[in-house]
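Being a predicted model, the structure only gives us computed values, none of them experimental. Just so it is clear: chains get the letters A, B, ... in the order the sequence lines come, proteins before strands, and each one is counted from 1.
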Amino acid sequence: MSYSIAKCDSGITLLGLTNFDAAQIFDCGQCFRFNAVSDGTSDIAGIARGRYLRVHTDGQSVSLVGACEDDFHSLWETFLSLDTDYAAVDDEITSAFDTILGREDEVIRRAIKRGSGIRILRQQPWEALISFIISQNNNIPRIKKIISALCEAYGEPIDTPDGVMHTFPTPDAIAGAGVDGIFALKTGFRAKYIIDAANRVLCGECDLDALAKPSVSAEDSAAQLMKINGVGPKVAACVNLFGLSKISAFPVDVWIKRVLARHYPEGLDYTRIGRYAGIAQQYLFYNERWE
DNA sequence: CGCCAGGCGGGGG
DNA sequence: CCCCCGCCTGGC
């Protein structure tokens, strides 16, 4: 999985990086704030961790446009999960499925092959929490629209090469908006959930930094998150997986239910997949969603 | 018009 | 404990 970092005219280039496909990573539904840059390139750009990131892909190499090495080590290496050996992860997932089913599983092999460029982004816990509360009973275009409106209304503006963009609003900013302010952004019945989340985070009742500690299990973390009104098992699992680095979390949504019914009619005990279950979930999801 | 979209809370059986 | 309904909104 070794790759090298080089400076280039536009930023930094990552050479020899495998298991990395920007289109898959930013289009597999884990993240709602990145989009194709509309300038003829197939670059993908957005705001993460309060900073602008633009990913350019050119054949074998991936470059982070406008980034310097310090940015890479302090932000993007972690955000993009480049410290994880996905080839090793894939092997472990494959053998876990074989063990659970007691046979060679072609379904997970195909899903891994198709989604081989996916990496789980390490998003900020607070952003993941609000994003997946908004995602419930909703579709991706509208989720993106609502989150964008939320950032424009209550985030901080930052200048980028693509114009003014906005950071994700703080719990304080969202709580200050009140239910009416959040409802005005077309969040519908989720407005009161979003405010409840902000209030619980602000008063310390929900301590996201504490939940992010590796010593806190995914189960304990989910139990804490589900005290928030509007957070059930699915949203909690997504926050664990995408915001709290708890990669064993396995969100079960309608697409995964479809996968289980169609491809594992004899049943699949996904609680036995193990420490990389969340990555397996992404492969299965991606394979089903964009079949 | 009705139905659905990456769920969840609340009520009734 | 499980099942089922309603829910904001936009797109079809």
Side-chain angles (χ1 to χ4, degrees), chain A residues 23-35 111 114-115 118-121 123 125 127-153 174 177-201 205-206 218-219 221-244 246-264 268 270 273 277-291:
Chain A
Q24 288 185 354
I25 290 170
F26 291 104
D27 202 31
C28 69
Q30 61 174 315
C31 157
F32 305 103
R33 297 205 66 206
F34 279 75
N35 294 295
R114 281 208 57 202
I118 296 174
R119 281 171 186 261
I120 305 286
L121 297 170
Q123 303 179 66
E127 178 173 340
L129 173 60
I130 297 304
S131 297
F132 286 95
I133 286 175
I134 291 170
S135 81
Q136 69 184 84
N137 195 220
N138 215 339
N139 54 60
I140 292 177
R142 203 164 79 94
I143 296 165
K144 284 187 154 187
K145 197 179 287 183
I146 290 171
I147 292 175
S148 169
L150 186 65
C151 295
E152 275 177 39
I174 286 184
V179 175
D180 292 346
I182 300 302
F183 186 84
L185 303 174
K186 315 290 186 187
T187 51
F189 61 87
R190 306 164 194 84
K192 56 185 182 294
Y193 300 158
I194 293 167
I195 293 300
D196 188 54
N199 288 148
R200 285 180 203 257
V201 168
E205 193 183 321
C206 177
E219 292 72 20
S221 173
Q224 291 301 311
L225 291 167
M226 285 191 289
K227 290 180 181 173
I228 299 168
N229 200 12
V231 176
K234 195 282 183 174
V235 171
C238 285
V239 176
N240 269 337
L241 179 56
F242 303 121
L244 296 171
K246 301 197 191 298
I247 307 302
S248 65
F250 189 91
V252 178
D253 54 39
V254 293
W255 291 96
I256 291 296
K257 283 177 185 164
R258 221 165 281 167
V259 170
L260 296 174
R262 281 183 57 184
H263 299 299
Y264 299 101
L268 171 73
Y270 54 81
I273 301 170
I279 299 177
Q281 190 270 7
Q282 285 294 283
Y283 291 140
L284 293 171
F285 175 83
Y286 183 84
N287 190 48
E288 188 73 12
R289 181 74 176 73
W290 285 275
E291 67 173 339

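Within the 4.5 Å cutoff, the side chain of A/W255 has no heavy atoms near those of the A/L284 side chain. Counting heavy atoms from C-beta on, the side chains of A/P233 and A/M226 come closer than 4.5 Å.
Among the atoms of the strands shown, base atoms are found under 4.0 Å from some heavy atom of A/G29. No contact: A/I146 has no heavy atom under 4.0 Å from any strand. Across all strands, A/P251 comes closer than 4.0 Å to no nucleic acid atom at all (heavy-atom distances).
Remark: A/T187 engages no residue in a side-chain hydrogen bond (donor to acceptor under 3.5 Å, both in side chains) (not counting sequence neighbours). Qualifying side-chain hydrogen bond (donor to acceptor under 3.5 Å, both in side chains) partners for A/N287, counting only residues two or more places apart in sequence or in other chains: A/R114. Remark: A/D253 engages no residue in a side-chain hydrogen bond (donor to acceptor under 3.5 Å, both in side chains) (not counting sequence neighbours).
Under a cut-off of 6.0 angstrom, the local environment of NZ in A/K186 is sparse, with at most 12 non-hydrogen atoms contributed by other residues, nucleotides or ligands.
Annotation: of the two residues near DNA chain B, A/R258 and A/M226, the 5′-most nearest-nucleotide partner is A/R258.
Spacing of P atoms, C/dG6 relative to B/dG2, comes out at 13 Å, to the nearest Å. Straight-line distance between the C1' atoms of C/dC2 and B/dG6: roughly 23 Å, to the nearest whole Å. C/dG11 and B/dC8 have their P atoms separated by 24 Å, with the value rounded to a whole Å.
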* Intra- and inter-strand pairs of DNA chain C in dot-bracket (Watson-Crick or G-U wobble, both distances under 3.5 Å; | for another strand) -> |||||||.||||
* **nucleotides 5-12 of chain C: protein proximity per nucleotide (B base, S sugar-phosphate only, - neither; heavy atom, under 4.0 Å)** => --BBBS--
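When all heavy atoms are compared, the tightest approach of A/I133 to A/G230 is CG1-O, 4.4 Å.
Along DNA chain B, read 5' to 3', the first and last nucleotides having any atom under 4.0 Å from a heavy atom of chain A are B/dA5 to B/dG9.
Among A/L129, A/I130, A/N229, the one residue that satisfies the side chain to side chain contact (heavy atoms under 4.5 Å, CB included) test with A/I194 is A/I130.
Using the six-membered ring where Trp is involved, A/Y286 and A/W290 have ring planes that are tilted, between 30° and 60° apart.
Between A/F250 and A/F285, the distance separating the two ring centers is not shorter than 6.0 angstrom.
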* Could you walk me through whether A/V235 and A/L225 pass the side chain to side chain contact (heavy atoms under 4.5 Å, CB included) test, one step at a time? => CA-CA 9 Å; A/V235 171; A/L225 291 167; over 6 Å; no
